[in-house]
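Chain identifiers are assigned alphabetically (A, B, ...) following the order of the sequence lines, protein sequences preceding nucleic acid strands; residue numbering begins at 1 within each chain. Side chains are part of it too, since the values below use all heavy atoms of this structure and drop only hydrogens, waters and symmetry mates.
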There are 2 protein chains.
Amino acid sequence: MQLRMTSQRELILRELKKSKKHLTADELYERVKKLMPRISLATVYRNLELLSDVELIRKLEVSGRQKRFDSELEDHDHIYCVQCHCIENLNIGNNTVSLAAGHMKGYTITGRRLEVTGICPRCQRKQIKKDGKHSKGGGTVGCAKKGVLSDEQKEVLVAMKNCDEPCASKDIAAATGLETKQVSCRITALKKKGYVESPVRCKYAITNDGITALNA
Amino acid sequence: MQLRMTSQRELILRELKKSKKHLTADELYERVKKLMPRISLATVYRNLELLSDVELIRKLEVSGRQKRFDSELEDHDHIYCVQCHCIENLNIGNNTVSLAAGHMKGYTITGRRLEVTGICPRCQRKQIKKDGKHSKGGGTVGCAKKGVLSDEQKEVLVAMKNCDEPCASKDIAAATGLETKQVSCRITALKKKGYVESPVRCKYAITNDGITALNA
DNA sequence: TACTAGATGATAACCATTCGCAAGTCAAGC
DNA sequence: GCTTGACTTGCGAATGGTTATCATCTAGTA
Ligand SMILES: [Mn+2]
Ligand SMILES: [Mn+2]
Ligand SMILES: [Zn+2]
Ligand SMILES: [Zn+2]
């Protein structure tokens, strides 16, 4: 089977080259759609796969993350930020990873991929700024969590908002008529989302983010 | 928040250690279920994630595949077979990939992942055997494709089976009352699955695999 | 010019993984 | 000892990126 260079295929390839970034299929889809409004996402996926099969582009895949595509064919590696998940090229020189192409444990080597992970300069700055203000705020720095509120969670959050000061789950239970266990469980979920904080053990208060989320 | 060593958690850790393999969450679930039948898959996922957070195990993210987990904590890399997708440990010595832990393009390095891919000895042997018998049979060596047949595909396949010799899509169209276009499209799909072959251009025949699939 | 392999758009299916909830468990504090 | 609630679990539904299917188009080729 041979590939035809269709207009969509060509456009996809051209736009990926033009961007010079490591785009995901849907990011590229958004760009391409502006120039060819009727193109379908499936076509973008299909062609990115096909184009990387014939090595006109390269596919970057990490388990559990979206695939990205790279129009740069020259051999190079990548560095990923563990916080914002941005990707940059990395040229460490192929002498550093010298895998004497050929055999290894009886394997015929077909390729290698080096992936360095770290915290990018941007995220480092963010971290410092955050630490300066208040040393709260766990892991998620650049990675905007979803933060959708279920009706059950809203119920608890509203009750908490009506408290003037930090309250125990028992108080929330009384206010809502729910069982304490349920309340406690929901608070845990809300805390993970950053909508609730615990100024002292067993006392909870709604955060500013929590109020924003309620209004949204 | 601190981790409690629950019985499920302990079992998951123990079974992973015992297997000495690089298991996926569901593979491990199957093993654990034998000893604790009521455990849930979500618990396995949850705990594998948690355990790797606290570095009691390691998470292996392989390009485009299911996550795997490794109880071996010592620093080592892995080699993957591109055909059967098996994984083996690889000790290349940490001098080979020397990333002068510290800074790189302004990043604070937190880790690195080296993925060496190749064809494992087993698959090499299979390949040779296969090539010896008949040089047919495309890519898929160890990776059993799904091969589910839709009713539409079955219709075409049955018609093709009733032909004594290779037939054109036009013949199938006549036999089934379908349009030639539809037939040709379905044949393409069937060919990709290995259920149809084309001895000569524009002539098709059902394969043995195709017959097996029909009976199944 | 007729034929059909290959491509497309639309949409459904897939499937590994995660989330939400209610109920359970157990260490810490009264 | 008893209460409390943070941490867990099982179940089941949801998620979301990716692929598959199918009818229809399109463009090489004979
Ligand atoms: Mn790149
Ligand atoms: Mn290992
Ligand atoms: Zn970053
Ligand atoms: Zn193999």
Side-chain angles (χ1 to χ4, degrees), chain A residues 1-9 24-26 29 36-50 61 63-68 145-146 148-153 156 168-170 172-173 178-193 198 201-204, chain B residues 1-9 12 24-26 29 33 36-50 64-68 145-153 156 168-170 173 178-193 198 201-204:
Chain A
M1 89 181 85
Q2 63 172 359
L3 288 194
R4 289 177 191 166
M5 191 47 81
T6 62
S7 58
Q8 331 9 26
R9 193 115 75 200
T24 60
D26 57 300
Y29 172 61
M36 190 182 276
R38 295 192 49 77
I39 198 171
S40 110
L41 177 58
T43 301
V44 175
Y45 269 105
R46 248 186 316 240
N47 282 311
L48 286 172
E49 203 59 40
L50 251 15
E61 25 186 1
S63 183
R65 304 211 58 80
Q66 247 177 300
K67 289 180 189 161
R68 294 186 170 272
K145 269 287 194 180
K146 289 269 241 10
V148 266
L149 280 173
S150 68
D151 290 341
E152 283 88 352
Q153 295 177 340
V156 169
S169 32
K170 204 195 275 188
I172 303 291
L178 291 164
E179 281 196 45
T180 332
K181 264 185 191 168
Q182 287 177 30
V183 173
S184 136
C185 165
R186 291 180 192 177
I187 287 177
T188 309
L190 288 165
K191 208 165 48 166
K192 201 159 62 179
K193 289 188 180 176
S198 172
R201 210 182 113 87
C202 301
K203 293 278 178 184
Y204 304 95
Chain B
M1 87 180 87
Q2 63 173 358
L3 288 194
R4 287 180 193 163
M5 192 46 82
T6 61
S7 58
Q8 309 48 3
R9 195 113 78 200
I12 287 167
T24 60
D26 57 299
Y29 172 60
K33 207 165 48 171
M36 189 182 277
R38 296 192 48 77
I39 198 171
S40 108
L41 177 58
T43 300
V44 175
Y45 269 105
R46 250 186 314 238
N47 282 312
L48 286 172
E49 204 59 39
L50 251 15
R65 319 217 85 248
Q66 249 175 300
K67 288 179 190 162
R68 293 185 172 272
K145 270 289 197 180
K146 288 265 246 5
V148 267
L149 279 173
S150 68
D151 291 341
E152 284 85 354
Q153 295 177 340
V156 169
S169 32
K170 203 195 278 188
L178 292 163
E179 282 196 46
T180 332
K181 268 180 193 174
Q182 289 178 27
V183 173
S184 133
C185 165
R186 291 180 191 177
I187 287 177
T188 310
L190 288 166
K191 208 165 47 169
K192 200 158 62 179
K193 289 189 180 175
S198 172
R201 210 184 113 87
C202 302
K203 293 279 178 183
Y204 304 95

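At the phosphate of dC11(D), OP1 or OP2 sits under 4.0 Å from a side-chain N or O atom of R38(B). An OP1 or OP2 oxygen of dA7(C) is reached within less than 4.0 angstrom by no side-chain nitrogen or oxygen of T6(A). Considering only side-chain N and O atoms, Y45(A) lies nowhere under 4.0 angstrom from the phosphate OP1 or OP2 of dT19(D).
Nucleic acid contact class of R186(A) (heavy atoms, under 4.0 Å, all strands): sugar-phosphate only. Among the atoms of the strands shown, none is found under 4.0 Å from any heavy atom of D26(A). Heavy atoms of T24(A) sit nowhere under 4.0 angstrom from any nucleic acid atom. If you check every strand for non-hydrogen atoms under 4.0 Å, A189(A) touches nothing. Across all strands, Y29(B) comes closer than 4.0 Å to no nucleic acid atom at all (heavy-atom distances). Using a 4.0 Å heavy-atom cutoff across all strands shown, I39(A) reaches sugar-phosphate atoms only and no base atom.
The side chain of Q66(B) approaches dT17(C) more closely than any other nucleotide in the set dG9(C), dT17(C), dG10(D).
For the pair K67(B)/T24(B), no side-chain contact is recorded, criterion being any heavy-atom separation below 4.5 Å from C-beta on. Considering only heavy atoms from C-beta on, R186(A) stays 4.5 Å or farther from V183(A) through its side chain.
In this structure, the CG atom of L50(B) is 16 Å from the P atom of dT17(C), given to the nearest Å. If you measure from atom CD1 of I187(A) to atom C1' of dG5(D), you get 9 Å, rounded to the nearest angstrom. What separates NZ of K192(A) from C1' of dC7(D) is a distance of 11 Å, to the nearest Å.
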Indicate for each nucleotide in nucleotides 23-29 of chain C, in 5' to 3' sequence, whether protein heavy atoms under 4.0 Å reach the base (B), only the sugar-phosphate (S), or nothing (-).
BBB----
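One distance of note links CD1 of I172(A) with CG of L178(A); it measures 9.5 Å at 0.5 Å rounding.
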